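Note sheet for the following structure.
Values in this document were obtained by computation on a predicted structure and should not be read as measured data.
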Amino acid sequence: KEININTPEEMSPLESVTHLFAAIQIADQQASYEEKESWINAISKLFPEHSADRAETFFNQAHTILANTPTNQKENYLRSVLERMKSLLSDDQISAIGPMIADIVEADGIVMTSEMEIAKMVEKSLGISIIIDSEL
């Protein structure tokens, strides 16, 4: 059965945030339990009415897409996801994402350069500040 995964331009708010968080999770080549818990906490705060099953579907789709996107195309994909987030999320939701991204980057106790690069892209694209403990 063909899996239908939306392009960034067609994503829902929950879907776009999930794709961003999945990119951070696998930036270090492994998604930890703590990082997944951090994502669950983030979407529960941002979208209190979300469906857990739908969120899990988006989570799995995001990991599939990102695993199959060539490294040189991932940055453009993430930029498209961030543009979608800017058009869909409220200013309050966008402001709330900064600390949530810091949480997911720090979740496994190791801050990788690849995760920091995504955080910097998010800061620039969404105009927010993300404070990450680089001592981890």
Using 0.5 Å steps for rounding, measure from the [atom1] atom of [X] to the [atom2] atom of [Y].
X	Y	atom1	atom2	value
Ser16	Leu89	OG	CG	5.5 Å
Ser90	Leu46	OG	CG	8.5 Å
Glu83	Leu78	CD	CG	12.0 Å
Glu15	Thr57	CD	OG1	10.0 Å
Lys36	Phe59	NZ	CZ	4.5 Å
Ser44	Glu49	OG	CD	11.0 Å

Report the C-alpha separation of Tyr77 and His19 in whole Å, then their side-chain angles, then the decisive distance to 0.1 Å, and conclude whether the side chain to side chain contact (heavy atoms under 4.5 Å, CB included) test is met. CA-CA 10 Å; Tyr77 182 78; His19 279 249; 2.8 Å; yes
So do [Y] and [X] actually touch side chain to side chain, heavy atoms under 4.5 Å?
X	Y	answer
Ile101	Phe21	yes
Ser80	Glu9	yes
Gln61	Thr18	no
Ile94	Met85	no
Ser125	Arg79	no
Ser12	Arg54	yes
Glu106	Glu115	no
Val17	Gln93	no

Got more than 12 heavy atoms from elsewhere within 6.0 Å of NZ, Lys124?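 It does not: Lys124 NZ has 12 such atoms or fewer within range.
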Asp133 atom CG, over 12 foreign heavy atoms within 6.0 Å: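 Above 12, so yes.
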With ILVMFWY side chains joined below 4.5 Å, transitively, what does Met112's cluster contain besides itself?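 Besides Met112, the hydrophobic cluster comprises Ile110, listed by chain and residue number.
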Which pair of heavy atoms, one from Ala27 and one from Ser114, lies closest together, and at what distance?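 It is O-OG, 2.8 Å.
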Would you list the atom pairs, donor with acceptor, under 3.5 Å between side chains in residues 116-123 and any protein atom, with sequence neighbours excluded?
unit_1: Glu123; atom_1: OE2; unit_2: Ile130; atom_2: N; d: 2.7

Would you check if the side chain of [X] reaches a backbone N or O of [Y] as a donor-acceptor pair within less than 3.5 Å?
X	Y	answer
Ser38	Glu34	no
His50	Phe47	yes
Arg84	Met11	yes

Considering only distance and modelled atom types, tabulate donor-acceptor pairs under 3.5 Å from the side chains of residues 66-73, sequence neighbours left out.
unit_1: Asn68; atom_1: ND2; unit_2: Thr64; atom_2: O; d: 2.8
unit_1: Thr69; atom_1: OG1; unit_2: Ile65; atom_2: O; d: 2.6

Is Ile128 reachable from Ile104 through a run of I, L, V, M, F, W or Y residues, each pair having side-chain heavy atoms under 4.5 Å apart?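 Per the 4.5 Å side-chain linkage, Ile104 and Ile128 are co-clustered.
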Hydrophobic cluster membership, Leu14 vs Leu88, 4.5 Å side-chain cutoff: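 Different clusters: Leu14 never reaches Leu88 through Ile, Leu, Val, Met, Phe, Trp or Tyr contacts under 4.5 Å.
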From CA spacing to verdict: side chain to side chain donor-acceptor pair (under 3.5 Å), Gln25, His63: CA-CA 9 Å; Gln25 287 176 343; His63 279 266; 2.9 Å; yes
